[in-house]
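Okay, so here's the structure we're looking at.
In each ligand, atom 1 is the first atom listed, and ligand 1 is the first ligand listed.
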Amino acid sequence: MAERLDANARDAVLRAMGIEQWHVRETHAAAAEPMVGSDESPTVVKTEAVVKLDDTSNRPTAEIDWETLRHNVKRCTQCRLHETRTQSVFGVGDDSARVMVVGEAPGAEEDRTGEPFVGRAGHMLDSMLKAIGIDRPSVFIANVIKCRPPQNRDPRADEVAACAGYLEAQVVHVKPNVILAVGRVAAQHLLGSTETLGRLRAQRDLSAFGVPVLVTYHPAYLLRTPVQKARAWEDLKRLRSLIEAGQ
Ligand code: URA
């Protein structure tokens, strides 16, 4: 999946990410990511039994029928976002991938096409993955929220709660070796935390549903705040190391 890039290819990819130099530049202190998502912390609440839940633990069982899950997401009316969506956005990629990328919610392009991360932020994400030798089709990409919030507003806690079982079921099915949480909403939701992205990013040994989690900036934030790309690059190198170590 993740072939080692030679130096020229790596430099080309880094340039595409807007990182001119291989070494990490000194940047201003990493502020908490301020723009993606709201200040309201999503509450981690289990959803209704849209997915098959274990009787005792109330968690999705390991034997999740992927097509049923896809079908349920497609037809979901668990929150009011279904009233304004064009379509739900299930996720895309290898459903037995070693790396799962989790973002926040579909935007306009994703709502139109039915695929996560296809707009400008999507291209940025592709470049970020490519920078460490990972092709988009070899990962599984999903969002916390499967339907677009109107005007791209931040997802509300009840919407996050309604969708929570879907993401958990996806993680249980894919069984990735590592989850890359991009942005505050994904990181806080997966980790059940209200800490800032800056703090979560700095932490090691994080996990969700038994899977190691690595936190980085949302690609849309990096497009708005390119000075943070050097820090994102540090995160990506750590992801690369985890993959190489067989995580
Ligand atoms: N931002 C996200 O968090 N997810 C998408 O699918 C697109 C943009």
Q: Say whether T86 and D111, considering side chains only, have a donor N or O and an acceptor N or O under 3.5 Å apart.
A: yes

Q) Considering only heavy atoms, does E110 approach ligand 1 within less than 4.0 Å through its side chain, its backbone, both, or neither? A) side chain

Q: Look at the rings of W66 and F140 and say which category their plane angle falls in: under 30° parallel, 30 to 60° tilted, over 60° perpendicular.
A: perpendicular

Q | Nitrogen or oxygen of P106 less than 3.5 angstrom from that of ligand 1 | A | no

Q. Is it the side chain, the backbone, both or neither of A220 that has a heavy atom closer than 4.0 Å to ligand 1?
A. neither

Q: Before giving the answer on side-chain hydrogen bond (donor to acceptor under 3.5 Å, both in side chains), spell out for Q78 and E159 the whole-Å C-alpha distance, their side-chain angles and the decisive distance to 0.1 Å.
A: CA-CA 8 Å; Q78 295 249 66; E159 296 158 356; over 6 Å; no

Q: Could you tell me whether the side chain of E110 and the main chain of G119 form a donor-acceptor pair under 3.5 Å?
A: yes

Q) So is there a nitrogen or oxygen of G103 less than 3.5 Å from a nitrogen or oxygen in ligand 1? A) no

Q.
Using heavy atoms and a 4.0 Å limit, tell me yes or no: is H218 in contact with ligand 1?
A. yes

Q) How long is the gap from CE on M100 to NE2 on H173, to the nearest 0.5 Å? A) 10.0 Å

Q.
Out of all atoms in ligand 1, which are within 4.0 Å of some heavy atom of E104? Include the element for each.
A. 2 (C), 3 (O)

(Q) Checking side-chain contact (heavy atoms from CB on, under 4.5 Å) between K146 and each of Q170, H82, K74, which is the one that passes? (A) Q170

Q: May I ask you to list the atoms of ligand 1 that are less than 4.0 angstrom from any heavy atom of P116?
A: 6 (O)

Q: Name the option, out of A105, G107, A108, that contains the heavy atom nearest to atom 5 (C) of ligand 1.
A: A105

Q: Applying side-chain contact (heavy atoms from CB on, under 4.5 Å) between C147 and each of L81, V73, V89, report the one that passes.
A: L81

Q | atom 4 (N) of ligand 1: the protein heavy-atom neighbour that sits closest, reported with distance to 0.1 Å | A | N143 OD1, 2.8 Å

Q) Any idea which part of E109 is under 4.0 Å from ligand 1, heavy-atom wise: side chain, backbone, both or neither? A) neither

